[in-house]
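First the structure, in the form of structure tokens, and then the observations on it.
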Number of protein chains: 2
Amino acid sequence: MKASTNQQEKEFLTRYNIHDYEVPLTSVDIVIFTIINEEVNVLITQRSDFPFKGYWAIPGGFIDIKKDKNIKQTAQKKLREKTGYGAPYLEQLGAIGNDSRDPRGWSVTVTYFALVNAEDIIFSTDTRWSHLDKDGNIQQKLAFDHAELIQEAFQRLRNKAQYTTIALHVLPEKFTLSELQRCYEIILGGELNKSGFRRRIIKGNVIEKIAGESKQTVTRMAQLYRKSEDENLHFYMREIYAK
Amino acid sequence: MKASTNQQEKEFLTRYNIHDYEVPLTSVDIVIFTIINEEVNVLITQRSDFPFKGYWAIPGGFIDIKKDKNIKQTAQKKLREKTGYGAPYLEQLGAIGNDSRDPRGWSVTVTYFALVNAEDIIFSTDTRWSHLDKDGNIQQKLAFDHAELIQEAFQRLRNKAQYTTIALHVLPEKFTLSELQRCYEIILGGELNKSGFRRRIIKGNVIEKIAGESKQTVTRMAQLYRKSEDENLHFYMREIYAK
DNA sequence: CCAATAGTGTCTTTCAGACACTATAGT
DNA sequence: ACTATAGTGTCTGAAAGACACTATTGG
């Protein structure tokens with residue numbers, strides 16, 4: 001009988017208690033990228049609690065099941081706490097879960113990566129930028145497997161820069177095409193062809209000229225652009241190739 | 001002092017008990033695709049327990065933190081239980097987590113998608129194929145948000161078929177180029193150009209002729225191919241376009 | 001012979017790569 | 001005038017799309 005099944009299900013749910021089971025830890029971690037001084041940087045923060053107390057780590061933490069509606073909201077909250085930044089580019093990388101990454105036990109972490117403009121960031125305490133080398137390696141010894149998470153995120157970023165307009169999101173509101181090209185070159189790790197790059201970006205329809213505004217560079221004036229409102233990530237049918 | 005920090009950390013870990021915290025449910029779900037009768041199909045299984053007892057759902061379940069080393073192993077185990085299949089194409093889709101998808105409470109699920117050849121499957125009880133329509137929708141009302149998970153996985157599959165050799169993995173050991181092209185057409189939902197398709201696949205270097213073997217089709221003989229051993233997923237620099 | 005599918009050849013189109021050219025500002 | 005960077009024009013080449021052609025088998 002359907003009614004009786006419903007009744008049984010209600011009883012099952014009333015009696016259900018997650019603490020009757022052996023469960024993994026579940027957390028969220030965020031790799032926050034920016035570009036500073038022609039280098040890719042990642043935001044790291046010093047841990048104030050065990051485990052790995054005092055070590056540097058990427059921002060993250062546990063889901064607050066009372067307050068968070070969904071996991072992206074958890075990520076956004078953590079990001080805002082560390083950067084004061086409301087609406088960056090934020091994308092899920094995936095989940096990593098195994099029995100060895102956390103000394104507290106079996107751990108699953110859902111990792112996100114974000115792109116921000118460095119000037120928009122308001123640091124919380126014990127937070128700073130750390131630059132990556134050309135292969136996505138960081139200088140510091142980090143807590144947990146965070147160095148690996150950063151490497152994977154960096155690979156995804158580099159990969160995605162080959163066929164999308166993702167690099168736009170590290171720039172401030174106003175920027176020149178040369179600045180944008182330089183961002184791509186830093187992320188991709190190689191030189192790009194100027195006229196080809198401009199053709200491609202313009203066709204992507206993701207930026208627009210700011211009428212009458214230009215910027216003084218080392219030599220001559222350069223046209224300023226802004227991100228266009230409609231599309232914030234264009235996918236190309238063909239990859240760009242650096243070097 | 002370093003030694004004292006180590007001591008403190010040891011004590012912290014000894015005292016640490018996950019059940020002192022409010023934690024979400026964490027599970028793994030797998031969308032298993034194949035092609036049968038010119039249609040994309042997904043493997044579904046009937047739930048034997050609450051919640052959603054008796055409903056159809058995709059395979060999945062909780063991580064066994066005593067036995068599973070990592071989360072991919074959990075997925076592989078679940079897949080093997082339902083299909084008897086050892087080494088299919090298996091890729092992580094991502095994690096979905098929110099407070100409404102599971103009546104037991106806040107739930108995070110790590111979803112995988114797999115491609116298998118239908119003939120290799122040995123069904124467990126209460127398991128069957130269900131076909132998708134052109135937009136990735138399934139007929140049945142499924143448990144939880146599984147219909148959405150399937151849709152997302154299908155979008156990823158269709159997308160990935162545009163620039164990789166992924167469709168290879170639904171075929172049996174030996175196949176013809178026309179059969180492979182048909183698989184792509186079914187996944188992509190449109191017709192492909194024959195000579196262009198062949199050029200592309202051959203260049204991908206993922207298949208090889210089986211010398212001297214051919215297959216009788218409705219009219220004439222067709223060369224048989226097998227997957228080549230070295231590369232099992234080739235990424236093209238440019239997308240293919242259906243229709 | 002015809003029907004139907006396997007398999008090939010070739011012209012067109014699209015878009016990235018290369019590279020040289022012109023334009024403009026400070027010194 | 002010189003230098004450095006902004007910005008453009010145009011040729012080349014790689015690979016996809018279109019489409020017609022030939023090849024092979026059963027009836």
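Quick note: numbers below take in every heavy atom, side chains included, and nothing from hydrogens, waters or symmetry partners. A, B, ... follow the sequence lines: proteins, then strands. Residue 1 opens every chain.
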| query | Could you give the CE-to-C1' distance, from Met237(A) to dG17(D), as a whole number of Å? | reply | 11 Å

| said: The side chain of Arg238(A) is closest to which nucleotide in this list: dT5(C), dG17(D), dT14(C)? | reply: dT14(C)

| request: Only one of Thr111(A), Thr109(A), Thr74(A) passes side-chain hydrogen bond (donor to acceptor under 3.5 Å, both in side chains) with Ser27(A); say which it is. | output: Thr109(A)

| Rounded to whole angstroms, how far apart are CD1 on Ile202(A) and P on dC15(C)? | 15 Å

| Is there a side-chain polar atom (N or O) of Gln216(B) under 4.0 Å from OP1 or OP2 of dT24(D)? | no

| task | Give Leu177(B) one of three labels, base, sugar-phosphate or nothing, depending on what nucleic acid heavy atoms sit under 4.0 Å from its own. | result | nothing

Please output the side-chain donor-acceptor pairs of residues 37-44 of chain A that fall under 3.5 Å, not counting sequence neighbours, one pair per line with the distance.
from     : atom 1 : to        : atom 2 : distance (Å)
Glu38(A) : OE1    : Arg182(A) : NE     : 2.9
Glu38(A) : OE1    : Arg182(A) : NH2    : 3.0
Glu38(A) : OE2    : Arg182(A) : NE     : 3.4
Asn41(A) : OD1    : His131(A) : N      : 3.4
Asn41(A) : ND2    : Glu39(A)  : O      : 3.1

| Side chain of Val218(A) (C-beta onward), nearest among dG17(D), dA18(C), dT5(D) | dT5(D)

| Between Gly196(B) and Leu224(A), which has a closest nucleotide on DNA chain D that is more 5'? | Leu224(A)

| query | To the nearest angstrom, how far is Asn193(B) atom CG from dG9(C) atom C1'? | reply | 12 Å

| Under 4.0 angstrom between Arg198(B) side-chain N/O and dG7(C) OP1 or OP2 | yes

| Short side-chain to backbone donor-acceptor contact, Thr45(A) and Pro59(A), under 3.5 Å | no

| Would you say Gln151(B)'s side chain and Asn137(B)'s backbone share a donor-acceptor pair under 3.5 angstrom? | no

| query | Whole Å only: how far is the CZ atom of Arg182(A) from the C1' atom of dA6(D)? | reply | 16 Å

| message | In this structure, how many angstroms lie between the C1' atom of dA16(C) and the CD atom of Glu239(B), rounded? | response | 15 Å

| request: Output the single nucleotide from dT10(C), dG17(D), dT24(C) whose closest atom is nearest the side chain of Arg220(A). | output: dT24(C)

| said: Just to be sure I understand the rule, does Phe197(A) reach a base, reach only the sugar-phosphate, or reach nothing, if contact means heavy atoms closer than 4.0 Å? | reply: nothing

| request: Write down the distance between CG (Leu192(A)) and C1' (dA6(D)), rounded to a whole number of angstrom. | output: 17 Å

| message | Among dC19(C), dA6(C), dG17(D), which nucleotide has an atom closest to any side-chain atom of Arg199(B)? | response | dG17(D)

| request: Return yes if the base of dA18(D) and the side-chain atoms of Ser195(B) contain a donor-acceptor N/O pair under 3.5 Å, otherwise no. | output: yes

| query | Taking N and O atoms by type only, does the side chain of Thr176(B) place a donor or acceptor under 3.5 Å from a partner on the base of dA6(C)? | reply | no

| Gap between atoms CD1 and C1', on Ile240(B) and dA16(D) respectively (whole Å) | 8 Å

| said: Under 4.0 Å, counting only non-hydrogen atoms across every strand here, what does Lys203(A) touch: a base, just sugar-phosphate, or nothing? | reply: sugar-phosphate

| said: Please pick, from dG13(D), dT25(D), dT8(D), the nucleotide with the shortest atom-to-atom distance to any side-chain atom of Lys194(A). | reply: dT8(D)

| query | Should the pair Glu91(B)-Lys160(B) be classified as a salt bridge under the 4.0 Å nitrogen-to-oxygen rule? | reply | yes

| query | With sugar-phosphate meaning primed atoms plus P, OP1 and OP2, does Ser178(B) contact a base, only sugar-phosphate, or nothing at under 4.0 Å between heavy atoms? | reply | sugar-phosphate

| task | Would you mind reading off the distance between Gln181(B) atom CD and dT8(C) atom P, rounded to a whole angstrom? | result | 13 Å

| Any ring pair (Phe, Tyr, Trp, His ring centres under 6.0 Å) pairs touching residues 156-182 of chain A, not counting sequence neighbours? | Tyr89(A)-His169(A)

